[in-house]
Amino acid sequence: MGSRRNALDRLWDIIISIAATISAIDIPLRLVLPRHGDGWLYTDWALTALFCIDIFIRRRRADGIAPTFLGRPAGPGWMALDILAALPVQIFGVGTPLHLLRLLKLPRVAQFMRVLRQRGAYNANKLRLIFFPYWLGLCAHWIACGWIALRAAGDSDSFSTYFHAIYWCVTTLTTVGYGDVTPANNSQRFYAMIVMIIGVGVYGYVIGNIASLLANIDPARTKYMETMERLTAFMRYRHIPHDLQNRIRDYYNYLWEKRLGYDESEILATLPSSLGIEVSMFLKRDIIERVPMFKGASQEFIREIALRMRPMIFTPNDYVFHAGEPGREMYFISQGVLEVVSADGADVYSTLTDGDFFGEIALLLGQPRTASIRAVSYCDLYRLDKEMFERVLADYPDIAEHIGRMTRERRENDERRNQAAEATTSASATAEAPTE
Ligand code: CMP
């Protein structure tokens, strides 16, 4: 329901923006190239009607009856501008200077553009690249209209007159200035000087901003490229071995493919806690739902655990930890394959994958790690600290029971394996012992 209203609001904003743009183009033209006929009168009445409806809609949004797509409600200042723009000036004729009041509707377009940028539905830099020619085009049009007004002697038809003027305007604004259309009297010279000064500003703006807009059209990629360049420079400067350099690059490539290079924790840290919890839950819901022992857990539990789990990435052949180390956290596998291996890495005891967990034995029994864990592929893990782990065990008996059962099974397996290994060793020792 809310999204449908928002879509309708957006549609209305687009209609009003188009109407405001049409008047911003048409009205200055009517003043310098007078037109007659009922068609213009109808256009005027249509604009008045649309702008009046818009006043009503903006008022409703301000009262909070309708959702405020434009974010901030219309204040008294905006209301005055809206009313002036909607006045039925056509009762005085189809092309009077009073018609210029319609241009007061243009801030509405600027406001709409700002909201589009803030809403983030589209890339802000791409939008800026669209809005910039819009405003520049409108300014060029007005300047050309001013030029026509000052140069009484026009071409044979209105189109040529306008085209001539816009040609002069573009050559002047872009600082090209061919000089084939020149001012003929002082007022035209004065006007030309002002346009030249504006032209220098526009030129500077274009050079300064468009280049950076183009460079930032994909901010995530720009950030990623910068990070890679800094990293490469650092690795070269510190003579990091080539093999390690490649692994580091692979890691960043993986991060780019999986998360567009963004660090989840960094972004979450910038959000207020209530929003952070929701985003955290959304991001980790997937893994929490995949871990069998969390199935059916309460919303409250999932909230708490989502907040405390920290994401980690491991590249192939990385060790998450080594056998014998003290254990301070356990891990959940969101994605990837890992092996439970002996301290020297030679024997593989078991293979773990999506939804599995490990590292719980050291926490439960308060002893060093019973085995090493090695990543086989790129792995996305979530780490849970000891304190939270203990709270989970205390507050959620079902989960504690599940972890306890898995731990027992694993320990039994390990003991059986150790016994088998010892038996093999003693058998071979007996076989090798000299007989008397
Ligand atoms: P921990 O002893 O803390 O560190 C090594 C981890 O490997 C251990 O916890 C278990 O989570 C896991 N592990 C040990 N033995 C096995 C096994 N046989 N199968 C699966 N996982 C195991």
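Whatever order the structure lists them in is the order used to number ligands and atoms, beginning at 1.
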> Which atoms of ligand 1 are found less than 4.0 Å from any heavy atom of Ala371?
5 (C)

> Output all residues satisfying side-chain contact (heavy atoms from CB on, under 4.5 Å) with Asp54, sequence neighbours left out; order by chain, then residue number.
Trp12, Ile16, Arg58, Asp82, Lys105, Arg108

> Tell me, which protein residue and heavy-atom name are nearest atom 21 (N) of ligand 1, and how many Å apart are they?
Arg410 NE, 3.2 Å

> Show which atoms of ligand 1 fall inside a sub-4.0 Å distance from at least one heavy-atom site of Phe358.
11 (O)

> Is atom CZ of Arg328 surrounded by more than 12 heavy atoms (other residues, nucleotides or ligands) closer than 6.0 Å?
no

> Please list, in number order, the atoms of ligand 1 under 4.0 Å from a heavy atom of Ile373.
7 (O)

> Taking it one step at a time, do Glu412 and Arg408 satisfy salt bridge (charged side-chain N to carboxylate O under 4.0 Å, His left out)?
CA-CA 6 Å; Glu412 279 163 19; Arg408 270 193 304 280; 5.5 Å; no

> Please list, chain by chain and in numerical order, all residues satisfying ring-ring contact (aromatic ring centres under 6.0 Å, His included) with Phe159, sequence neighbours excluded.
Phe163

> Do the charged groups of Glu226 and Arg230 touch, with an N to O distance under 4.0 Å?
no

> Considering heavy atoms of the protein only, find what lies nearest to atom 11 (O) of ligand 1 and give residue, atom and distance to 0.1 Å.
Glu360 OE1, 2.5 Å

> In terms of residue, atom name and distance, what is the protein heavy atom nearest to atom 6 (C) of ligand 1?
Gly359 N, 3.9 Å

> Does the structure place the NZ or CZ of Arg369 under 6.0 Å from the centre of the six-membered ring of Tyr331, at an angle of no more than 45° from the ring's axis?
no

> Taking only heavy atoms of Ser350 into account, list the atoms of ligand 1 that are under 4.0 Å away from them.
19 (N), 20 (C)

> Which of the atoms in ligand 1, numbered in the order shown and given with their element, are less than 4.0 Å from a heavy-atom of Phe321?
4 (O), 5 (C)

> So, applying side chain to side chain donor-acceptor pair (under 3.5 Å) with Asn413, which one of Glu409, Arg410, Arg416, Arg417 is it?
Arg416

> Could you find the nearest protein heavy atom to atom 14 (C) of ligand 1 and give me its residue, atom name and distance?
Asp414 OD2, 3.6 Å

> Tell me which one of Asn413, Leu338, Thr370, Val340 gets a heavy atom nearest to atom 8 (C) of ligand 1.
Thr370

> Taking the basic N atoms (NZ, or NE/NH1/NH2) and the acidic carboxylate oxygens, is any pair closer than 4.0 Å for Arg310 and Glu329?
no

> With heavy-atom distances below 4.0 Å as the criterion, list the atoms of ligand 1 near Ala362.
1 (P), 2 (O), 3 (O)

